[in-house]
Q: 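Following this message is one structure expressed as structure tokens.
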Amino acid sequence: MTTDIGIIGTGSYLPDRLVTNAEIAPAAGVDAAWIERKTGIRERRRAAPGQATSNLAAIAADRALLAAGLSPDDVDHVVVATSTPDHPQPATASLVQHLIGARSASAADVNAVCSGFVYALAMAEGLLHARGGGHALVIGADIYSRILDPRDRKTAILFGDGAGAVVLGAVPAGGGVIGTRLRGHGDGHELIGVRAGGSRLPASVRSVLDGEHFFRMDGRGVREFVNGHVPGAITAALRDSGMPAGAVDHFVPHQANGVMLRELAGAVDLPNARLHLTVGEFGNTGAASVPITLDAAHRSGALRAGDVVLLAGFGGGMNLGVSLCRWTAMPPRPEAGAENHAGALSHR
């Protein structure tokens, strides 16, 4: 008999340091009002100097486990989605496993950039199906502030740091993950990336001086990719799952840019879905943005048992990931709250 796998707990962590548009605008050569008008972002968070991606991920993971009523010893797999790992190796997931004390768990990273969380969710679900149950921690975590050029207005104004996590486990029949659609568009790999630091362009004095270790993005190309591919991917995921568009209750997309997300919501035919946004408060947090927003929506009380939630990630590669879930997590416990962030903004 097939075991249905779903989300049974959520958690997130946003660093304490708040960075406003006014703080970053001068170096980027723009003003604070321009940033909000172009992106819908008002502020974002920055990791403390002593914090690495694994530290943020571990806090989010602990909160998700607390919400699910589980201990680290109950975890069979730790999967971390990130494109800003602590080190090129070992995997950041190995550090998270150690930090939270999940002694019996496997640990691996997934790098599909901003779509990474949806990819990691699909992989962890597959692992649990293969073993017929168990529990997996799926974490999205990124510290983009460490790879941004403050003078580059295409990127410096957009990104924040943070982590979000979910616990996957067995759920009642008919609940949990309904279907997932993943797709790569490698012909767009030059739209987003960090050129240096890998085997093609190893780190050197010259690569540092030339700014090749900074994150770069073709904003117009990315917008064209999203508008051209994401609505179709969502339609295909609904078709594959046999789910009518009108049955979707919540839409949780990657928090890339608030203006672009409103355009996307208008292009996607989800007539009864609430659009959940945290981009105004936290900016684009990379692979963390979907689970952070999902956790905020859950803690706000917006998600009810049986609701259909559509998650959509898109980012460098270029990659797309869409997942449909029937909500199964218990209402959040007050002691499991992420006290350092406000709830998601929800829109019809």
Q: Can we call the ring centroids of Phe314 and Phe225 under 6.0 Å apart?
A: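 Judged by ring-centre distance (under 6.0 Å), Phe314 and Phe225 do not meet the cut-off.
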Q: With a cut-off of 6.0 Å (strictly less than), are more than 12 heavy atoms of other residues, nucleotides or ligands near CZ of Arg183?
A: no
Q: Any chance CZ of Arg216 has more than 12 other-residue heavy atoms, nucleotides or ligands included, within less than 6.0 Å?
A: yes
Q: Verify, without hydrogens or angle tests, whether Asn319 (side chain) and Gly316 (backbone) share a donor-acceptor contact under 3.5 angstrom.
A: yes
Q: Looking only at side chains, do Thr285 and Asp142 share a donor and an acceptor under 3.5 Å apart?
A: no
Q: Answer yes or no: is there a side-chain heavy-atom contact under 4.5 Å between His135 and Leu168?
A: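 His135 vs Leu168: side chains apart.
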Q: How long is the straight-line distance from NE2 of His254 back to CG of Leu320, given to the nearest 0.5 Å?
A: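 So the CG of Leu320 and the NE2 of His254 are separated by 11.0 Å.
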Q: Answer yes or no: is there a side-chain heavy-atom contact under 4.5 Å between His298 and Leu303?
A: yes
Q: Report yes or no: does Gln97 contribute a side-chain atom to a donor-acceptor pair with the main-chain N or O of Ala102 at less than 3.5 Å?
A: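 Yes, because the side chain of Gln97 sits within donor-acceptor range (under 3.5 Å) of the backbone of Ala102.
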Q: Do the charged groups of Glu281 and Arg44 touch, with an N to O distance under 4.0 Å?
A: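 Result for this pair is no, no salt bridge flagged.
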Q: How about Glu23: does its CD atom have over 12 heavy atoms from other parts shown lying under 6.0 Å from it?
A: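 Count over threshold, so yes.
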Q: Considering the options Leu311, Leu310, Val309, which one meets the side chain to side chain contact (heavy atoms under 4.5 Å, CB included) requirement together with Leu324?
A: Leu310
Q: Strictly by salt bridge (charged side-chain N to carboxylate O under 4.0 Å, His left out), give each pair with a member in residues 80-108 just once, sequence neighbours left out.
A: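 Every salt bridge (charged side-chain N to carboxylate O under 4.0 Å, His left out) pair that includes a residue of residues 80-108, provided the two are not neighbours, is Asp73-Arg103.
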Q: Cut-off 3.5 Å, side chains only: do Ser106 and His77 have a donor facing an acceptor?
A: yes
Q: For Thr53 and Thr82, does a side-chain donor sit closer than 3.5 Å to a side-chain acceptor?
A: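 Result is no, nothing qualifies.
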